[in-house]
Amino acid sequence: PAEPTMVLRLKFLNDTERLARVRPGDTVGALKRAYFPGQEQQVRLIYQGQLLRDDAQSLAALHLTHNSVLHCHISQHSPSPAPAGPHASADPVHAALNVGSLMLPLFVLMLAVLWYFQLQYRHVFTATATTFLAGLTLLFSFMAFTMYRR
């Protein structure tokens, strides 16, 4: 018996949709090849907030059902191969401007310095300032925990 087909809704960033007729046994890579020929490397498929990285994974393993929505992002340039080392980059300008990875350590350092001053120069800090510093530390700790708990 032939495997039943199902329809997936491919939704793009500009809110346009395209219907894809697939079988549950098809893989993510087969879907990309069938509906984005020649662009497989530029297409990013997202289902329920998760990027579908494994092209060999079957659609059934993802628990996709009839009329499920896959969000599609097509980049204009093909992704470059991963750099060899943690700091290696083909473009030194982008490596120098990547401040995002430094935000967490800089914020931790800033909080540590503020707590040091609060403990050393207690007479300068009002009760309100100390309460605010404690609240900021708790808020940052909660945010860091939720972002990095994976």
Side-chain angles (χ1 to χ4, degrees), residues 1-116 118 128-150:
E3 196 176 15
T5 62
M6 62 182 177
V7 174
L8 299 179
R9 294 170 39 211
L10 304 176
K11 190 167 186 173
F12 297 90
L13 291 176
N14 61 2
D15 278 339
T16 59
E17 281 191 18
R18 189 170 160 193
L19 298 179
R21 192 168 294 280
V22 296
R23 298 185 191 293
D26 290 348
T27 63
V28 173
L31 174 68
K32 287 181 182 180
R33 282 188 297 280
Y35 289 91
F36 306 97
Q39 294 181 305
E40 297 92 351
Q41 296 303 314
Q42 290 115 305
V43 174
R44 301 278 180 264
L45 298 175
I46 300 160
Y47 178 62
Q48 293 183 338
Q50 298 295 319
L51 179 63
L52 305 182
R53 296 176 193 263
D54 186 7
D55 282 355
Q57 191 171 28
S58 74
L59 301 177
L62 295 167
H63 306 292
L64 290 167
T65 59
H66 180 72
N67 246 357
S68 290
V69 176
L70 285 176
H71 294 273
C72 303
H73 175 263
I74 303 174
S75 62
Q76 298 306 314
H77 55 282
S78 63
S80 58
H87 300 292
S89 175
D91 187 1
V93 173
H94 283 37
L97 295 178
N98 188 8
V99 183
S101 61
L102 296 175
M103 291 308 291
L104 179 67
L106 286 175
F107 202 72
V108 168
L109 180 67
M110 184 179 70
L111 278 175
V113 167
L114 284 172
W115 275 110
Y116 172 79
Q118 198 282 334
T128 305
T130 303
T131 304
F132 180 75
L133 182 59
L136 189 64
T137 303
L138 283 173
L139 176 68
F140 174 74
S141 300
F142 175 75
M143 287 176 54
F145 175 75
T146 57
M147 287 173 54
Y148 295 103
R149 69 178 174 175
R150 296 184 219 182

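Scope of the values below: all heavy atoms of this structure, side chains included, with no hydrogens, waters or symmetry mates.
Applying the side-chain hydrogen bond (donor to acceptor under 3.5 Å, both in side chains) rule to Asp54 yields no partners; only residues at least two apart in sequence or on another chain are considered. For Phe140, the ring pair (Phe, Tyr, Trp, His ring centres under 6.0 Å) criterion is met by Phe107, not counting sequence neighbours.
Between Leu138 atom CG and Phe142 atom CZ the span is 11.0 Å, to the nearest 0.5 Å. Expressed to the nearest 0.5 Å, how far OG of Ser75 lies from CD of Gln41 amounts to 9.5 Å. Here the CG-CG distance, from Leu111 to Leu133, works out to 6.5 Å after rounding to the nearest 0.5 Å. Atom CG in Leu19 sits 9.0 Å away from atom CG in Leu8 (nearest 0.5 Å). Expressed to the nearest 0.5 Å, how far CG of Leu62 lies from CG of Leu52 amounts to 5.5 Å. Atom CZ of Arg23 is separated from atom CG of Leu31 by 13.5 Å, given to the nearest 0.5 angstrom.
Using a 4.5 Å heavy-atom cutoff, the side chains of Met6 and Thr65 are not in contact. With contacts defined as side-chain heavy-atom distances shorter than 4.5 Å, the pair Lys32/Val28 qualifies. Leu45 has its side chain within reach of Cys72: a pair of non-hydrogen atoms, C-beta onward, lies under 4.5 Å apart. Contact check for Leu13 versus Ile74: no side-chain heavy atoms found under the 4.5 Å cut-off. Inter-residue side-chain proximity for His73 and Val43 is flagged as unmet; no heavy-atom pair is nearer than 4.5 Å. Within the 4.5 Å cutoff, the side chain of Leu64 has heavy atoms near those of the Leu70 side chain. Contact annotation: the side chain of Val108 never approaches that of Pro105 to less than 4.5 Å [non-hydrogen atoms, C-beta and beyond].
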- Message: As a quick check of understanding, evaluate salt bridge (Lys or Arg N to Asp or Glu O under 4.0 Å) for Glu40 and Arg33, giving each step before the final call.
- Response: CA-CA 6 Å; Glu40 297 92 351; Arg33 282 188 297 280; 5.7 Å; no

- Item | Evaluation steps, side-chain hydrogen bond (donor to acceptor under 3.5 Å, both in side chains), between Thr130 and Gln118 | CA-CA 7 Å; Thr130 303; Gln118 198 282 334; 3.1 Å; yes

- Task: Please step through side chain to side chain contact (heavy atoms under 4.5 Å, CB included) for the pair Tyr35 and Arg21, ending with a clear verdict.
- Result: CA-CA 10 Å; Tyr35 289 91; Arg21 192 168 294 280; 4.0 Å; yes

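Val22 and Leu59 make their closest contact through CG2-CD1, 3.6 Å (heavy atoms, listed as atom of the first residue, atom of the second, distance). Here the closest heavy-atom approach between residue Tyr47 and residue Ser68 is recorded as OH-OG, 3.8 Å. Nearest approach of Pro24 to Ser58, heavy atoms of both residues: O-CB, 4.0 Å.
By the neighbour-count criterion of 12 heavy atoms within 6.0 Å, atom CE of Met143 is sparsely surrounded, having that number or fewer from other residues, nucleotides or ligands.
A cation-pi arrangement is not found for Arg44 relative to Phe12, the charged atom failing to lie both closer than 6.0 Å to the ring centre and inside a 45° cone about the ring normal.
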